[in-house]
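One structure below.
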Amino acid sequence: MRLVVFDVDGTLVDSQHLIVAAQEVAFAENGLPAPGRREALSVVGLSLPQAFRRLVGEDGPVAELSESYKQAYNRLRLDPAHEEPLFPGMADLLTRLHDRGDVLIGLATGKSRRGVDRLIAHYGWAEWFATTQSADDAPSKPDPTMLRQAISEAGCAPEATVMVGDTTFDIAMGVAAGATAIGVAWGYHPPDALYGAGAVTVVPTAAALEVLLLEGLATGG
């Protein structure tokens, strides 16, 4: 049995507008200038404390920013202007993988457990995933604990696992856990950075990702 684990923000879900807006509110509430869009998105995938440490340093108001961000995110997500759509083709890809008898799918994300559960309920994915790992379950990416837990829960081997993500944090986590790491080009870190982190390849579309995964399943690779 093969296991394919997906990151969420930037890989499955296009959440950039909501993330940037919530960061802007959080920084304003704490009397700080908000980072630029590129810098704001560069920390997507990390847990909130880790993300804000990168943005304001160890001595900054990390706890206050994290709490402000969570509250702002939960308010703003109710606004249709901040909808979080799936990236093109990803819903169909998940459906086809879910329907196969030789593969399990999972999630490993910097979202909270509450956020993961809300996402699964919104898209009707209950019982789809063999494992779901959140920021509440393990140290922040790129620490490999989250993915190792996913592999263990699914009952698969690291060499039979693929980690799919859009950031160097996802790729580095996959490599450290002994999985095959595949990058996607439509997320928040550029392809050259993903290759530098150890991605075996970076795919340009969901269709290309599906071909790659199905070829691997067909060959056992």
Side-chain angles (χ1 to χ4, degrees), residues 1-20 37-38 41-42 44-45 77 80-111 115-134 141 147 150 154 156 160-171 173-174 179-195 197-221:
M1 186 69 73
R2 301 274 164 172
L3 173 65
V4 182
V5 179
F6 292 89
D7 167 59
V8 175
D9 292 312
T11 300
L12 293 179
V13 176
D14 185 0
S15 51
Q16 58 181 309
H17 303 301
L18 177 54
I19 289 170
V20 171
R37 187 178 193 86
R38 178 174 295 182
L41 294 176
S42 73
V44 174
R77 71 178 180 82
H82 297 293
E83 183 183 359
E84 296 179 281
L86 296 176
F87 284 103
M90 295 308 286
D92 290 339
L93 173 56
L94 285 180
T95 299
R96 284 191 279 270
L97 290 176
H98 170 257
D99 290 342
R100 291 181 66 97
D102 56 351
V103 63
L104 300 172
I105 54 176
L107 300 176
T109 174
K111 284 183 176 294
V116 173
D117 291 344
R118 187 168 58 226
L119 178 81
I120 289 173
H122 178 73
Y123 286 106
W125 290 338
E127 310 301 327
W128 276 39
F129 299 102
T131 178
T132 59
Q133 302 294 319
S134 75
K141 301 172 185 178
L147 186 54
C156 292
T161 300
V162 175
M163 178 66 213
V164 180
D166 71 298
T167 70
T168 57
F169 315 128
D170 302 313
I171 302 303
M173 178 179 69
T180 299
I182 296 176
V184 300
W186 55 80
Y188 304 140
H189 288 184
D192 59 343
L194 301 180
Y195 279 117
V200 295
T201 191
V202 179
V203 294
T205 63
L209 176 58
E210 182 171 359
V211 169
L212 189 65
L213 293 174
L214 294 183
E215 284 179 351
L217 290 168
T219 62

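Here, residue 1 is the first one in the sequence, and each next residue gets the next number.
Taking the side chain as every heavy atom from C-beta outward, Glu84 and His122 never approach each other to under 4.5 Å. Residues Leu119 and Val116 have side chains not in contact (no heavy-atom distance under 4.5 Å, counting atoms from C-beta outward). Between Ile171 and Tyr195, the closest side-chain pair of non-hydrogen atoms is not below 4.5 Å. Between Phe6 and Leu94, some side-chain heavy-atom pair lies under the 4.5 Å cut-off. Proximity of Ile105 to Trp125: side-chain heavy atoms (C-beta onward) are nowhere separated by under 4.5 Å. Put simply, the side chain of Met90 does not reach to within 4.5 Å of the side chain of Glu210, judged on heavy atoms.
A side-chain donor-acceptor contact under 3.5 Å links Trp186 to the backbone of Thr11. Put simply, the side chain of Tyr188 gets close to the backbone of Gln16: a donor and an acceptor are under 3.5 Å apart. Side-chain N or O atoms of Lys141 include one that pairs as donor or acceptor with a backbone N or O of Ala108 at under 3.5 Å. With hydrogens and angles disregarded, a donor-acceptor distance shorter than 3.5 Å links the side chain of Thr205 to the backbone of Ala208.
Atom CG of Leu213 is separated from atom CZ of Arg96 by 11.5 Å, given to the nearest 0.5 angstrom. With values rounded to the nearest 0.5 angstrom, Asp166 atom CG is found 7.5 Å from Leu194 atom CG. Atom CG in Leu212 sits 6.5 Å away from atom OG1 in Thr201 (nearest 0.5 Å). How far OG1 of Thr132 is from CG of Leu107: 6.5 Å, rounded to the nearest 0.5 Å.
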Please report the C-alpha distance between Asp7 and Met163 in whole Å, then the side-chain angles of each, then the deciding distance to 0.1 Å, and finally whether the side chain to side chain contact (heavy atoms under 4.5 Å, CB included) criterion is met. CA-CA 8 Å; Asp7 167 59; Met163 178 66 213; 4.1 Å; yes

Tell me, with the steps shown, if Arg77 and Arg118 meet side chain to side chain contact (heavy atoms under 4.5 Å, CB included). CA-CA 11 Å; Arg77 71 178 180 82; Arg118 187 168 58 226; 3.2 Å; yes

Begin with the C-alpha distance, continue with both residues' side-chain angles, and end with the deciding distance and a verdict on side chain to side chain contact (heavy atoms under 4.5 Å, CB included) for Arg100 and Leu214. CA-CA 10 Å; Arg100 291 181 66 97; Leu214 294 183; 3.4 Å; yes

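By the 30° and 60° cut-offs, the orientation of the rings of His189 relative to Phe169 is perpendicular.
Under 4.0 Å is where a charged nitrogen must lie from a carboxylate oxygen, and between Arg2 and Asp102 no such pair does.
Nearest heavy atoms, Gly183 versus Ala199: N-CB, 4.1 Å. Shortest non-hydrogen contact noted between Ala150 and Leu3 is O-CD2, 4.0 Å. Residues Leu104 and Ala130 come closest through the heavy atom pair CB-CB, 3.9 Å. When all heavy atoms of Ala206 and Gly89 are compared, the closest pair comes out as CB-C, 3.7 Å.
If you run side-chain contact (heavy atoms from CB on, under 4.5 Å) between Leu93 and each of Leu209, Leu86, Val164, only Leu209 comes through.
With hydrogens and angles left out, the side-chain atoms of Asp170 and Thr167 include a donor and acceptor closer than 3.5 Å.
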